[in-house]
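Here's the structure, in structure tokens; my notes come after.
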Amino acid sequence: MEKISGSQAIIRCLQEEGVKIIFGFPGGAVIDLYDALMDSEITNVLVRHEQGAVHAADGLARVTGEVGVALLTSGPGATNGVTAIATAYMDSIPLVILTGQVPTALIGNDAFQEVDIVGITRPCTKHNYLVKDVKDLVPTLREAFHIARTGRPGPVLVDLPKDVVAKMVDFTEKKPIRMQNYQPTYEPHPGQIEKACKKILKAKNPVLYVGGGVILSNASEELTELAKKLNIPVTMTLMGLGGFPGSDPLSMGMLGMHGSYTANMAVAHSDLLIAVGARFDDRVTGRLDAFAPHATIIHIDIDPTSISKNVKVDIPIVADCKNALLAINTWFNNSADFNRDQIIASHEPWLATIDEWTKKHPMCYIDEGEIIKPQYVIEMLDKLTHGDAIITTEVGQNQMWAAQFYKFNKPRQWATSGGLGTMGYGLPAAIGAKMAFPDKTVIDVAGDGSIQMNIQELATAKQYKCPVKVAILNNNYLGMVRQWQELFYNKRYAGTVMEVTPDFVMLAQAYGAVGLRATKKSEVEAVIKEALATDNTVMMDFVIAREECVFPMVPAGKATTDMLLV
Amino acid sequence: MKHTISVLLQNKPGVLSRVTGLFSGRGFNIESLSVAETLESSISCLTLVTRGDEAIIEQITKQLHKLIDVIKVTDISDSEYVEREMVLIRVKAEAQTRAEVLRVIDIFRGKVVDVSPKSYAVEVTGSASKVQAIIDILKPIGIQEIVRTGTIAMARASKK
């Protein structure tokens with residue numbers, strides 16, 4: 001057997017797992033690892049802040065479906081990554097985060113740049129490890145990748161003391177991983193599938209409620225087949241966008257707090273809600289007792305803890321979404337009770353009702369001449385990229401407008417911090433996505449507030465010739481909080497006025513990127529066209545209607561039918 | 001309702017912290033918790049007593065099961081089971097109460113494990129309610145110190 005150093009073994013493990021790019025920031029505790037990395041074919045992306053490293057790995061993971069990898073040093077390097085790790089955890093994104101640690105002899109001594117990162121990240125990782133013996137190094141890394149990508153995916157952190165990675169170790173051959181205590185359920189129970197299908201056949205007003213699980217399990221095709229086969233309207237959560245084609249007539253768009261009128265009305269009036277890879281988040285359900293009050297609920301999810309956590313489920317199906325949808329489709333294909341034409345016809349009255357809701361309150365905004373409406377910017381981005389760009393977002397109004405007005409027709413073209421709502425996510429995530437797919441257009445839809453949380457990553461984009469585009473919807477406010485203050489706090493704009501905002505055009509130039517600005521509606525199209533045609537990182541500054549609100553809106557704690565409309 | 005949950009877990013550093021962190025992070029309550037090695041030194045058995053309605057207990061067992069280091073979760077109170085707790089009580093025992101204390105200990109089948117001129121230390125084992133009962137009886141006499149192990153429990157074997 002071959003003896004190599006711990007750091008070489010780590011690199012070997014990464015290559016074994018198919019890792020081509022890692023994002024990181026060096027420090028004393030990981031010098032050995034960086035040294036070994038230099039001789040490997042893995043591209044090492046030097047970010048400007050560790051949060052950016054983990055978000056970039058997360059962006060890469062969301063658009064490729066592969067495990068993203070970040071490498072951080074001990075102490076502050078590791079703690080800087082925590083927000084981004086929590087972001088990935090909330091959205092079930094597969095990551096492996098390698099952190100340096102002080103030598104084992106110093107652990108617990110308050111050594112320089114020592115922090116108990118395993119303790120700190122216990123509640124925001126799927127699992128984590130401290131490797132104390134070099135013999136455990138390779139098996140631990142393999143287990144980390146296995147846990148990150150299987151079951152309900154999530155971030156796994158491996159803490160690596162400096163002396164452990166410096167030691168020599170036998171590099172053992174990889175064997176299939178079998179963990180006695182970790183065996184996710186992939187295959188649905190046939191009895192539950194049959195029960196669900198029979199229920200679906202009887203439903204008059206069914207709704208498919210689709211979450212991020214459909215994206216994670218690559219189940220869009222199976223989902224689309226089911227919806228079309230039975231003529232069932234589909235609504236998606238923020239995380240589920242792209243799971244079903246947004247421009248399909250059966251799509252009702254997003255549901256929940258800033259969902260469409262149609263989607264929220266349809267859920268409220270449905271007699272059968274088929275939840276697929278969704279988790280009944282409070283931003284989706286609003287007041288719980290008023291959520292889908294007439295519906296029987298079928299819930300497909302790989303994570304049993306998601307089922308009946310917030311809303312009591314009638315027919316639980318613990319399985320991988322793709323396998324469960326396949327089983328459902330197969331059941332219908334083989335069932336003598338299933339008459340497709342009859343089912344399609346029987347749902348026509350329901351679809352007609354849904355159409356009426358859309359006609360009554362379509363997703364819309366009020367045009368105000370030359371004032372730039374943020375929704376118009378998103379519509380133009382959609383039009384000029386033919387709906388084919390990868391869109392990342394920051395968090396707040398910018399995120400909601402992007403979700404509402406960009407038509408996502410494919411999975412994995414959308415990366416946004418859904419569960420945690422992390423401002424500063426979009427730019428590093430865009431870099432991760434662009435590094436994975438250099439030929440794709442990648443746009444970060446941002447606000448003037450959140451872009452400043454990780455704006456330093458413009459330097460990373462420049463260094464790695466990563467021509468991402470940033471579209472700032474600039475209203476000189478922390479817009480979403482300001483909107484709540486306008487609606488519920490008597491317009492007392494406490495702490496939300498950005499009295500000083502940098503000149504984003506000059507700032508872009510300072511980083512060697514291109515800065516463009518539009519202050520009138522008629523300039524928007526030209527700015528976007530120029531940005532798309534420029535082979536450089538571009539920051540677009542759209543000076544938008546200052547006090548534009550995101551509508552529809554369901555006030556927190558209200559029933560989802562209680563919507564504030566345009 | 002009170003539930004006694006038995007958890008088998010890997011006997012590794014940090015595992016107990018994952019369990020207690022889960023309870024504090026999700027707002028579940030722990031009434032008592034007791035943990036020690038099983039026959040196999042690499043596996044620990046943890047018995048915890050918690051309270052909640054059906055939905056909460058369902059979440060607790062599912063969330064425990066989701067922890068990678070957890071091997072098996074059983075809600076013991078779903079079936080017939082025996083539970084035991086041990087308590088050590090140092091009770092005031094002066095001339096006029098010494099005989100009375102000994103009588104009480106005898107009724108509860110307790111043992112005196114330490115004697116001083118002014119106190120007895122008593123060991124009593126039993127269900128949580130029995131332990132509570134002796135504490136209530138001895139309280140008026142004067143309890144100086146008390147240490148409880150927390151409940152441990154085991155499902156009864158099938159009668160078939």
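A, B, ... follow the sequence lines: proteins, then strands. Residue 1 opens every chain. None of these values were measured; they are calculated from a predicted model.
Proximity of B:Leu67 to A:His127: side-chain heavy atoms (C-beta onward) are nowhere separated by under 4.5 Å. Proximity of B:Lys66 to A:Lys126: side-chain heavy atoms (C-beta onward) are nowhere separated by under 4.5 Å. Residues B:Arg18 and A:Asn128 form a side-chain contact, since some pair of their non-hydrogen atoms from C-beta on lies under 4.5 Å apart. With a 4.5 Å cut-off on side-chain heavy atoms, A:Ser308 and B:Glu58 count as touching.
Neither the backbone nor the side chain of A:Pro123 comes within contact range of chain B, judged by heavy atoms closer than 4.5 Å. Heavy atoms closer than 4.5 Å to chain A are found in both the backbone and the side chain of B:Gln63.
Taking a 6.0 Å sphere around NZ of A:Lys174, one finds it holds more than 12 heavy atoms contributed by other residues, nucleotides or ligands. Heavy-atom neighbours of B:Lys92 NZ from other residues, nucleotides or ligands within 6.0 Å: at or below the threshold of 12. Atom CD of B:Gln96 sits in a crowded spot, with more than 12 heavy atoms from other residues, nucleotides or ligands closer than 6.0 Å. When the shell of 6.0 Å around CG of A:Asn109 is examined, it contains more than 12 heavy atoms from other residues, nucleotides or ligands. More than 12 heavy-atom neighbours from other residues, nucleotides or ligands sit within 6.0 angstrom of CD on B:Glu31.
Residue A:Thr305 is tested with B:Gln59, B:His65, B:Arg26 for a side chain to side chain contact (heavy atoms under 4.5 Å, CB included); the sole match is B:Gln59.
Considering every non-hydrogen atom in both B:Ser17 and A:Arg122, the closest pair reads OG-NH1, 2.5 Å. Closest non-hydrogen pair, B:Ile68 versus A:Met179, comes out as CG2-CE, 3.7 Å.
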Worksheet entry | CA sep, side-chain torsions, deciding dist, call: A:Asn181, B:Val70, side-chain contact (heavy atoms from CB on, under 4.5 Å) | CA-CA 6 Å; A:Asn181 38 323; B:Val70 165; over 6 Å; no
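Of the possible donor and acceptor atoms, one in the side chain of B:Lys62 sits under 3.5 Å from a partner among the backbone N and O of A:Ile307.
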